[in-house]
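The structure under discussion appears below in the form of structure tokens.
Everything numeric in this text was worked out from a predicted model, so none of it was measured.
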Amino acid sequence: MPSFVISVLQALPPFAAVLLLVVTVHELGHFLMAKALGVSVDQFSIGFGRAILKWHDKSGVEWRLGWIPLGGFVKFTGDADAASTVPDADETERLRLQVAAHDGPAAASRLYHCKPVWARALVVVAGPAANFLLATAIFAGLLMALGESVLPPRISQVVPQSPAARAGFLPGDLIDRLDGRATDSFDEVQRYVRIRAGDPIQFGVNRGGQSLELTATPDRRSIRDEITGRNLSVGVLGFSPAAQAADFRHVRYGPVQAVAKGVTRTRDVVNTTVFYIGRIFRGRESGDQIGGLMGTAQMSGKLAKAAAAAAPTLWGAVLNVGLNLLSLAAVISVGIGFMNLLPVPILDGGHLMFYAYEALARRPLDARVQAVGYRVGLALIVGLMLFATWNDVRQLSLFRMLGAMFG
């Protein structure tokens, strides 16, 4: 069997586990908020297409697992489709009268589209909010249970003629601020620098007890990620830390500190995502670093394999794999929560955009306009997915793998 086929098969189980967790929590956010607000729900589905498993609970909700595991949906009573397309005022009234005549006024009052606009907005927001809560809970849980090893941002070496050397950095300097923001971790400094190629960064530096301000502009360089094997275009300054075992300090957190740190990490992932997207729109990044499902699956598989290889025992391997995949799930959960809040019809943010119009105009947007919006939104999402998949194909050298398979 070709090696890339084996690699794909190895990547599928961890990727499916991560995706299942993130999607299920997102849809549960919608579902639980809807139930709390008295909305009648017909279906809760993880995956699309024909159901491979389904059952009904006591309240009549059909729980189903679709054979295409690329998302999910909550279908409310009266919905025309799984996307909960917003009907216009006349359609809503016809639906309300029809349900009231058949099942009574109480049943009509439980229809999603007959709920006040604020209630519908809460149901929509609850999905992304659940993703952010999941990420925070994972970050906090890992920090509380395991703590973290922190490498202080003290410089050990400076590459001659590098941006760091030109800015005046010296061995022994301790970086304590990034553009005015406090830092105590070299990993944080590295993450900050990597997405700011070509942008001046102001560093607060402690040099022998003296506070200095140094400004350096990272050069752009292509590096190869050791875990995924992908080529990354990142910013570099040309300094490195002291990285002996004695240089690391292990930090343990109590519940309150861990939750606060979890919130901070979730916020940092959002801020980094927003910043990077802004650089793409300003022409500062090419966008070829955007990955899709294929790249995420590959990352899941490589992380799982590396984590298993680092453990001396089977139990240790299982534990390492689980912890690494949980960390990946936290980051992906933030990404899915953020993406769903974008004001694109068909996403949660698009629904919120339509509800904002309804709240201001005192009536839903015309159904024909919404239909056009959903088609445009679908085209945008499909286009982004194709673009991301093309990036994955190039990074994974799929054409060469196919050649090796059939050549």
Give the minimum heavy-atom separation between Ala130 and Gly29, together with the two atoms involved.
CB-CA, 3.9 Å
Which pairs count as ring-ring contact (aromatic ring centres under 6.0 Å, His included) when at least one residue sits in residues 126-152, sequence neighbours excluded?
none
side-chain contact (heavy atoms from CB on, under 4.5 Å) assessment of Val274 paired with Phe338
CA-CA 9 Å; Val274 172; Phe338 171 78; 3.4 Å; yes
Quick check: closest heavy atoms across Ala329 and Leu21, and the distance to 0.1 Å?
CB-CD2, 4.1 Å
Gap between atom CD1 of Ile332 and atom CG of Leu328 - 0.5 Å precision
3.5 Å
Could you check if a side-chain atom of Arg267 sits within less than 4.5 angstrom of a side-chain atom of Thr264, using non-hydrogen atoms only?
yes
Check whether any side-chain N or O of Ser333 sits under 3.5 Å from a backbone N or O of Ala330 as a donor-acceptor pair, and report yes or no.
no
For Tyr192, is there any backbone N or O sitting under 3.5 Å from a side-chain donor or acceptor partner on Arg196?
yes
Does Thr24 offer a backbone N or O that forms a donor-acceptor pair with the side chain of Glu27 under 3.5 Å?
no
With a 4.5 Å heavy-atom cut-off, do Leu143 and Arg265 have their side chains touching?
yes
Output for pair (Glu358 CD, Arg363 CZ), nearest 0.5 Å, gives 10.0 Å
Shortest non-hydrogen pair, Gly238 vs Ser162, comes out as O-OG, 3.6 Å
Tell me whether the centres of the aromatic rings in Phe73 and Phe44 are closer together than 6.0 Å.
no
Asp173 side-chain N/O to Phe169 backbone N/O, donor-acceptor pair under 3.5 Å:
no
Step by step, work out the salt bridge (charged side-chain N to carboxylate O under 4.0 Å, His left out) result for Arg181 and Glu188.
CA-CA 11 Å; Arg181 173 184 171 180; Glu188 184 178 4; 3.3 Å; yes
How many angstroms lie between atom CG of Leu341 and atom CG of Leu352, to the nearest 0.5 angstrom?
7.0 Å
If you count the non-hydrogen atoms of other residues, nucleotides and ligands that lie under 6.0 Å from CD in Glu213, is the total more than 12?
yes
Any sub-3.5 Å donor-acceptor pair from Arg154's side-chain atoms to Gly172's backbone N or O?
yes
Hey, could you give me the CZ/CZ distance between Arg64 and Phe48, rounded to the nearest 0.5 Å?
10.0 Å
Any heavy-atom pair between the side chains of Phe31 and Phe76 that's under 4.5 Å?
no
If every non-hydrogen atom of Leu237 is compared with every non-hydrogen atom of Ala216, which pair is closest and at what distance?
CD2-CB, 3.6 Å
With side-chain contact (heavy atoms from CB on, under 4.5 Å) as the criterion, how do Val41 and Thr77 come out once you've worked through the C-alpha distance, each side chain's angles and the decisive distance to 0.1 Å?
CA-CA 5 Å; Val41 179; Thr77 302; 5.9 Å; no
Just checking, is any N or O donor in the side chain of Arg177 or Thr183 under 3.5 Å from an acceptor N or O on the other one?
no
CZ of Arg282: more than 12 outside heavy atoms within 6.0 angstrom?
yes
Any heavy-atom pair between the side chains of Val369 and Tyr374 that's under 4.5 Å?
no
Is the backbone of Val256 close enough, under 3.5 Å, to the side chain of Lys261 for a donor and an acceptor to pair up by distance?
no
Which of these passes side chain to side chain contact (heavy atoms under 4.5 Å, CB included) with Asn131: Val334, Val22, Val23?
Val22
Under 3.5 Å donor-acceptor pairs involving side-chain atoms of residues 342-349, not counting sequence neighbours:
from, atom 1, to, atom 2, distance (Å)
Asp348, OD2, His26, NE2, 3.2
Asp348, OD2, His30, NE2, 3.3

In the structure I gave you, are the side-chain heavy atoms of Phe203 and Ile201 within less than 4.5 Å of one another anywhere?
yes
Show your reasoning for whether side-chain contact (heavy atoms from CB on, under 4.5 Å) applies to Ile155 and Val158.
CA-CA 7 Å; Ile155 295 174; Val158 179; 3.8 Å; yes
Lys/Arg-Asp/Glu bridge criterion (N-O < 4.0 Å) met for Arg191, Asp268
no
Rounded distance (nearest 0.5 Å) linking atom NE2 of His250 with atom OG of Ser149
5.5 Å
Sorted by chain and number, sequence neighbours left out, side-chain contact (heavy atoms from CB on, under 4.5 Å) with Asp176 holds for Asn206
Can Met33 and Val125 be said to form a side-chain contact (heavy atoms from CB on, under 4.5 Å), step by step?
CA-CA 9 Å; Met33 181 60 73; Val125 168; over 6 Å; no
Under the 3.5 angstrom rule, does the side chain of Gln370 hit a backbone N or O of Leu365 as a donor-acceptor pair?
yes
Check: Leu122 and Leu37 side chains under 4.5 Å, non-hydrogen atoms
yes
Within this structure, what is the OG-OH distance for the pair Ser40 and Tyr112, rounded to the nearest 0.5 Å?
13.5 Å
Ser156 versus Pro171, closest heavy-atom pair with distance:
O-CB, 3.4 Å
Decide yes or no for Leu174 and Pro153: does some side-chain heavy atom of the first lie under 4.5 Å from some side-chain heavy atom of the second?
yes
Less than 3.5 Å apart, any donor N or O on the side chain of Thr136 or Thr266 sitting next to an acceptor on the other?
yes
Side chain to side chain donor-acceptor pair (under 3.5 Å) assessment of Asp57 paired with Ser59:
CA-CA 6 Å; Asp57 64 19; Ser59 66; 2.8 Å; yes
Under 3.5 Å: donor-acceptor pair, side chain of Arg249, backbone of Leu151:
no
I need the minimum non-hydrogen distance between Pro128 and Gly337, along with the two atoms involved.
CB-O, 3.5 Å
Say whether, by atom type as modelled, one donor and one acceptor occur between the side chain of Arg166 and the main chain of Gln161 under 3.5 angstrom.
yes
When you compare the side chain of Phe248 with that of Val150, does any pair of heavy atoms fall below 4.5 Å?
no
Give a yes or no on whether the backbone of Val236 and the side-chain of Arg194 come within a donor-acceptor separation of less than 3.5 Å.
no
